[in-house]
Structures are given as structure tokens and as C-alpha cells.
Amino acid sequence: MNYQKRSELTGNPTAKKLFATMEQKQTNLCLAADLADWNKLTELVKKVGHKICVLKTHLDIINNLPADFIDQLIKLKNLYDFLIFEDRKFADIGHTVQRQYAGGFYKIADWADIINCHILPGPGIIEGLREIGLPKGQGLLLLAQMSSAGNLLTDDYAHQAVELAKKYDDFVIGFIGMRKMIDDDKFINLTPGIQLTEGGDNLGQQYNTPENVIKNGSDIIIVGRGIYEAGDPLTEAEKYRTAAWQAYQNIQ
Ligand code: S5P
């Protein structure tokens with residue numbers, strides 16, 4: 001089923017917007033903009049923003065975050081038409097994550113369309129985040145699987161994530177996983193650990209190719225170093241976009 005049709009299956013506004021953006025921009029590429037320098041990050045987004053459907057951030061790694069970072073992010077989002085995913089990986093009790101999501105220095109709920117969480121603490125984490133994010137039309141991804149070697153997310157754990165997603169499907173829009181997690185097309189599967197050739201880094205990251213993961217039912221590839229460490233990030237982003245988009249076309 002194509003992304004446009006899938007947008008009709010979900011009632012979550014962020015999921016609808018994401019499917020529509022993918023189809024309209026013909027991209028299922030998410031950029032993991034893991035740069036510690038804000039100016040380099042914004043330069044990168046200006047180069048590749050038109051090639052991506054999602055900008056994934058880790059704002060807590062930036063050394064020189066300007067006071068007006070929210071304004072700047074929203075401007076970039078409107079200019080290049082992507083969704084913003086703050087990869088905060090919440091992992092605490094509901095009461096605490098609500099404050100981490102809405103308050104503090106980053107005020108994530110003011111600007112992130114998409115957030116993610118571990119399900120380790122149980123359903124309360126989803127309920128806490130949902131109270132803040134649902135009224136704003138935002139969406140949550142559950143970490144069902146991870147790309148790193150030796151991770152503790154077993155098949156049973158992934159199954160629990162799927163069950164929780166079904167229960168809270170007005171707010172949970174999909175998964176971080178290595179493949180399609182459930183045979184229900186309203187959920188979106190995002191896969192990190194992607195490079196053009198298989199391999200890894202020296203800290204346990206494991207890389208698969210865009211073709212392999214899309215063939216396994218993933219929807220969106222998450223690419224960081226493969227793009228931002230390249231001499232020419234735009235050319236590289238286009239390679240990833242083409243590979244993932246063609247793989248998606250091939251399974252339609
Ligand atoms: O299991 C995971 C989940 C995530 S969200 N493995 C990951 O690598 N990630 C994130 O994806 C990670 O935090 C980083 O931002 C990105 C992968 O970066 P790369 O440079 O290895 O492509």
C-alpha cells in the first residue's frame with residue numbers, strides 16, 4: 001500500500017503529514033543531524049533539506065545552541081517541508097518524562113513533531129508523554145529494536161512494544177526497529193544503522209543497506225554519518241534517497 005493511502009489509515013495528524021510529505025517529496029530519508037556545532041547543522045540542513053522527510057535531532061549534543069533555536073528550527077522546517085524528530089529516547093516514569101518533554105531548557109513539546117521512548121518503564125511512560133503530545137497532534141515512536149551490537153531488546157520485548165502501540169494508537173505512530181514491526185500499515189517503521197555498504201563503527205553500531213531494510217518492510221531510513229561525514233553531503237543524500245525510494249517503489 002502506498003504512503004498516500006496509508007495516511008488515510010491513521011488518525012494522528014503527524015503520521016498523516018509524514019506520509020503525505022514522503023509521497024509529495026518522494027523521499028523516505030531521515031537525516032540524523034548529529035553535529036555538535038549549530039552553524040554546521042543548519043548549513044547541512046540548508047544543503048539537504050529538500051531531500052528528506054524527517055530531520056532527526058539530538059539537541060543536547062550541540063555546544064553552541066542559540067537562544068532562538070526554536071524559531072530557527074521552525075523556519076527551516078517550513079522552508080524545506082520536513083518533520084522534526086527529537087531523538088530524546090525518554091526512559092523514565094510518566095511524571096518525570098512529562099517534565100522532560102514539555103519543560104526544561106529544550107521545551108521539546110514546543111517544536112518536535114515526533115519523539116521516541118523506551119518502553120522499559122511500562123505503559124506509564126506512554127501515558128505521560130501522550131497527555132502532553134496528543135493535544136498538540138504530535139506523534140511518538142517506540143523503540144522496539146536497536147541497531148547496536150549486544151542490545152537487550154529481545155523479540156519478546158519488541159512484541160511488547162507492538163502491543164503497547166496498538167493500545168495507544170492515537171499517539172504512537174510507529175517504531176524504531178530494523179524491519180516492519182507489525183502488519184498494520186498505519187504504523188511507520190523507521191530504521192537507523194544505515195550506510196550504503198554493510199559494516200559498523202568501533203562502538204557497536206551495525207550498518208545495513210537501504211535496499212535490505214526497505215525490503216524487510218521498513219519505511220524510513222535514518223542516516224547520519226553516511227551523509228554528514230561525506231565530502232559532498234548533497235550528492236550522498238541523493239544516493240540514499242534514491243536507493244531507499246527505489247526499493248520502496250519496487251515493493252509496491
Ligand atoms: O537503535 C538505534 C536507534 C537510534 S534512534 N540506533 C541508532 O543509531 N539510532 C540513532 O540513529 C543514533 O542515535 C544516531 O542519531 C543515528 C545513527 O547515526 P549514524 O551516524 O550511525 O548513521
Side-chain angles (χ1 to χ4, degrees), residues 18 27-38 40-41 44-45 48 51-63 73 82-91 106 108 112-120 125 129 139-155 157-158 160-162 165 172-181 187-214 216 218-231 233 236-241 243-244:
L18 178 51
T27 175
N28 47 357
L29 171 63
C30 164
L31 172 69
D34 296 338
L35 294 166
D37 183 304
W38 176 256
K40 289 197 175 134
L41 187 154
L44 175 70
V45 174
V48 308
K51 299 283 178 194
I52 63 174
C53 57
V54 178
L55 173 68
K56 188 175 84 62
T57 52
H58 279 296
L59 283 203
D60 55 357
I61 69 175
I62 296 171
N63 294 318
L73 273 177
F82 47 66
L83 287 95
I84 304 179
F85 165 21
E86 170 62 14
D87 186 4
R88 173 65 179 74
K89 295 188 182 70
F90 296 101
Y106 299 105
I108 295 168
D113 304 291
I114 302 169
I115 50 159
N116 57 354
C117 79
H118 289 290
I119 57 159
L120 218 49
I125 185 169
L129 295 169
L140 172 68
L141 300 170
L142 302 183
L143 282 128
Q145 295 179 319
M146 291 195 73
S147 60
S148 43
N151 72 73
L152 306 178
L153 282 66
T154 60
D155 286 351
Y157 184 96
Q160 299 292 330
V162 167
V172 177
I173 63 169
F175 306 95
I176 298 292
M178 302 300 113
R179 56 171 167 80
K180 182 175 187 156
M181 300 308 306
F187 292 109
I188 309 170
N189 302 276
L190 289 86
T191 301
I194 302 290
Q195 289 208 343
L196 293 172
T197 49
E198 287 174 32
D201 69 9
N202 59 0
L203 293 173
Q205 176 67 299
Q206 305 175 114
Y207 289 115
N208 203 339
T209 64
E211 293 82 0
N212 281 346
V213 301
I214 300 292
N216 287 336
S218 179
D219 299 304
I220 296 179
I221 57 164
I222 298 176
V223 184
R225 284 166 284 183
I227 292 175
Y228 67 76
E229 284 185 351
E236 216 58 19
E238 176 56 14
K239 280 188 204 162
Y240 281 96
R241 189 202 66 82

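Note that ligands are numbered from 1 as they come in the structure, with each ligand's atoms numbered from 1 the same way. None of these values were measured; they are calculated from a predicted model. Every heavy atom of this structure was used, including side-chain atoms; hydrogens, water molecules and symmetry mates were not.
Considering only heavy atoms from C-beta on, Leu41 stays 4.5 Å or farther from Leu44 through its side chain. Contact of the Glu198 side chain with the Asn212 side chain is registered, since non-hydrogen atoms from C-beta on lie closer than 4.5 Å.
Residue contacts with ligand 1, taken as heavy atom pairs separated by less than 4.0 Å, do not involve Gln195 at all. The proximity of Met146 to ligand 1, defined as any non-hydrogen pair under 4.0 Å, involves the side chain as well as the backbone.
Between Ser148 and ligand 1, a contact under 3.5 Å exists for no N or O pair. Among the atoms of Gln145, none of the N or O lies under 3.5 angstrom from an N or O of ligand 1.
At least one donor-acceptor pair under 3.5 Å links the side chain of Asp113 to the backbone N or O of Ile84. In this structure a side-chain-to-backbone donor-acceptor pair under 3.5 Å is present from Tyr240 to Leu196. Under a 3.5 Å cut-off, the side chain of Asn151 and the backbone N or O of Met146 do form a donor-acceptor pair. A donor-acceptor pair is defined here as one N or O able to donate and one able to accept, closer than 3.5 Å; no such pair exists between the side chain of His118 and the backbone of Lys89. Within the 3.5 Å criterion, the main-chain N or O of Gly177 finds a donor-acceptor partner in the side chain of Thr191. Using a distance-only test at 3.5 Å, with no hydrogens or angles considered, a donor-acceptor pair links the side chain of Asn28 to the main chain of Asp219.
Among all protein heavy atoms, the one lying closest to atom 22 (O) of ligand 1 is Gly224 N, 2.9 Å. In terms of protein heavy-atom proximity, atom 17 (C) of ligand 1 is nearest to Gln205 NE2, 3.7 Å. Residue, atom and distance of the protein heavy atom nearest to atom 1 (O) of ligand 1 are Ser147 N, 2.8 Å. Nearest non-hydrogen protein atom to atom 14 (C) of ligand 1 is Asp34 OD2, 3.2 Å. For atom 19 (P) of ligand 1, the closest heavy atom belonging to the protein is Tyr207 OH, 3.5 Å.
Contact atoms of ligand 1 toward Pro192: 1 (O), 2 (C), 3 (C), 4 (C), 6 (N), 7 (C), 8 (O), 9 (N), 11 (O) (distance under 4.0 Å to a heavy atom of the residue). Within the listing of ligand 1, atoms 13 (O), 15 (O) sit less than 4.0 angstrom from a heavy atom of His58. Interface atoms of ligand 1 facing Arg225, defined by a heavy-atom separation under 4.0 Å, are 19 (P), 20 (O), 21 (O), 22 (O). Residue-ligand proximity, Asp87 to ligand 1, at heavy-atom distances under 4.0 Å covers atoms 5 (S), 10 (C), 13 (O).
A heavy-atom separation below 4.0 Å is not found between Glu229 and ligand 1.
For Glu86 and Thr57, the side-chain atoms include at least one donor-acceptor pair closer than 3.5 Å.
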